[in-house]
Amino acid sequence: MYRLWPTLILAALLSACATSASNIDGEHSANKLRRAEQAYTDGLFVEAEAYYRELVNDNPELYQGWFRLGNIYARSGQLDAAITMYERCLELDPDQARAWYNLALVRTRQSLRTLADAEQRFADQPADQRRLGALRQRLVDALTADRAEER
């Protein structure tokens with residue numbers, strides 16, 4: 001019986017150390033998340049990106065981090081990266097309506113950019129340029145009609 005005491009004491013100490021370590025990690029992550037959110041709110045997107053990158057590296061299941069990275073990349077015009085981040089967010093939590101909405105917006109921006117590039121490319125082929133321009137305009141009209149209905 002007395003031989004078990006050192007083992008029990010060691011087990012209790014190790015358990016306490018593990019709990020303390022996880023508490024410290026949790027506090028560290030919470031502080032990093034607060035700093036990331038503050039940087040994001042302040043418009044310091046390079047700083048916020050660094051914090052969110054660290055957060056998702058440490059906690060890959062943190063869908064909020066992927067969502068914010070998507071927002072940062074969308075704002076900076078890095079549309080492919082934004083799509084990747086929103087898709088990762090939705091893999092983790094497919095019920096995030098804002099992520100679906102933002103993903104659709106970014107893909108729409110890509111479509112408009114693609115059509116504008118194609119119009120320029122076919123400047124010497126008026127029929128193709130008109131067709132591409134008409135499609136781009138229909139997309140813009142559809143988007144602006146939705147906005148008018150929301151008002």
Side-chain angles (χ1 to χ4, degrees), residues 11 13-151:
L13 287 173
L14 288 175
S15 174
C17 288
T19 301
S20 296
S22 67
N23 286 344
I24 291 170
D25 287 343
E27 288 175 27
H28 181 70
S29 290
N31 286 334
K32 196 178 295 182
L33 182 59
R34 277 192 291 278
R35 289 192 304 266
E37 287 293 320
Q38 189 60 54
Y40 184 86
T41 301
D42 292 345
L44 304 171
F45 298 121
V46 172
E47 185 178 329
E49 177 190 4
Y51 285 128
Y52 284 118
R53 275 276 170 211
E54 287 180 37
L55 281 164
V56 297
N57 285 337
D58 294 343
N59 308 295
E61 305 301 309
L62 183 69
Y63 74 87
Q64 300 94 329
W66 297 105
F67 177 78
R68 286 291 199 213
L69 284 168
N71 289 351
I72 290 167
Y73 294 139
R75 287 174 184 230
S76 66
Q78 299 175 66
L79 303 184
D80 291 335
I83 287 170
T84 301
M85 299 302 114
Y86 290 135
E87 287 176 342
R88 179 66 180 127
C89 172
L90 290 168
E91 285 172 14
L92 296 168
D93 188 354
D95 294 329
Q96 290 299 314
R98 289 182 352 186
W100 283 108
Y101 183 89
N102 289 3
L103 177 61
L105 282 178
V106 169
R107 285 189 171 157
T108 301
R109 283 177 59 192
Q110 277 187 323
S111 295
L112 289 170
R113 185 183 287 175
T114 299
L115 288 166
D117 290 347
E119 279 182 81
Q120 288 181 352
R121 172 116 176 120
F122 291 97
D124 61 342
Q125 299 175 33
D128 290 329
Q129 186 183 38
R130 274 193 306 277
R131 202 168 109 231
L132 292 161
L135 177 57
R136 185 180 52 77
Q137 190 58 52
R138 283 195 310 267
L139 183 55
V140 168
D141 290 346
L143 293 170
T144 55
D146 287 346
R147 283 186 133 173
E149 291 172 10
E150 290 175 2
R151 291 180 192 154

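Since this is a predicted model, take the numbers as computed values, not measurements.
A distance of 11.0 Å separates CD in Gln137 from CG in Leu115, rounded to the nearest 0.5 Å. In this structure, the separation between CG on Leu79 and CD1 on Ile83 is 6.5 Å, given to the nearest 0.5 Å. The CG atom of Asp93 lies 11.5 Å from the CG atom of Leu62; values are rounded to the nearest 0.5 Å. With values rounded to the nearest 0.5 angstrom, Asn102 atom CG is found 11.0 Å from Thr108 atom OG1. Note: Asn59 CG to Ser29 OG = 4.5 Å, rounded to the nearest 0.5 Å. Put simply, CD on Glu37 and CZ on Arg34 are 11.0 Å apart, with the number rounded to the nearest 0.5 Å.
Using a 4.5 Å heavy-atom cutoff, the side chains of Lys32 and Asp58 are in contact. The shortest distance between side-chain heavy atoms of Arg68 and Leu55 does not fall below 4.5 Å. No side-chain heavy atom of Asp42 sits less than 4.5 Å from a side-chain heavy atom of Glu47. Taking the side chain as every heavy atom from C-beta outward, Met85 and Asn71 never approach each other to under 4.5 Å.
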Side-chain donor/acceptor pairs under 3.5 Å, residues 124-136, sequence neighbours excluded:
{"residue": "Gln129", "atom": "NE2", "partner": "Glu119", "partner atom": "O", "Å": "3.1"}
{"residue": "Arg136", "atom": "NE", "partner": "Glu119", "partner atom": "OE2", "Å": "2.4"}
{"residue": "Arg136", "atom": "NH2", "partner": "Glu119", "partner atom": "OE2", "Å": "3.3"}

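Applying the ring-ring contact (aromatic ring centres under 6.0 Å, His included) rule to pairs touching residues 57-97 yields Phe67-Tyr86, sequence neighbours excluded.
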Practice problem: Check step by step if side chain to side chain contact (heavy atoms under 4.5 Å, CB included) holds for Gln64 and Leu33. | Solution: CA-CA 10 Å; Gln64 300 94 329; Leu33 182 59; 5.9 Å; no
Self-check item: Glu27 vs Asn31, side-chain hydrogen bond (donor to acceptor under 3.5 Å, both in side chains): CA-CA, chis, key distance, verdict
Solution: CA-CA 6 Å; Glu27 288 175 27; Asn31 286 334; 5.8 Å; no
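Remark: the backbone N or O of Pro94 is paired with a side-chain donor or acceptor of Trp100 at under 3.5 angstrom.
Leu90 approaches Ala99 most closely through the heavy-atom pair CD2-CB, 3.7 Å. Nearest heavy-atom pair, Ala36 versus Tyr51, reported as atom, atom and distance to 0.1 Å: CB-CB, 3.4 Å. Nearest heavy atom pair, residue Pro60 against residue Leu92, reads O-CD1, 3.4 Å.
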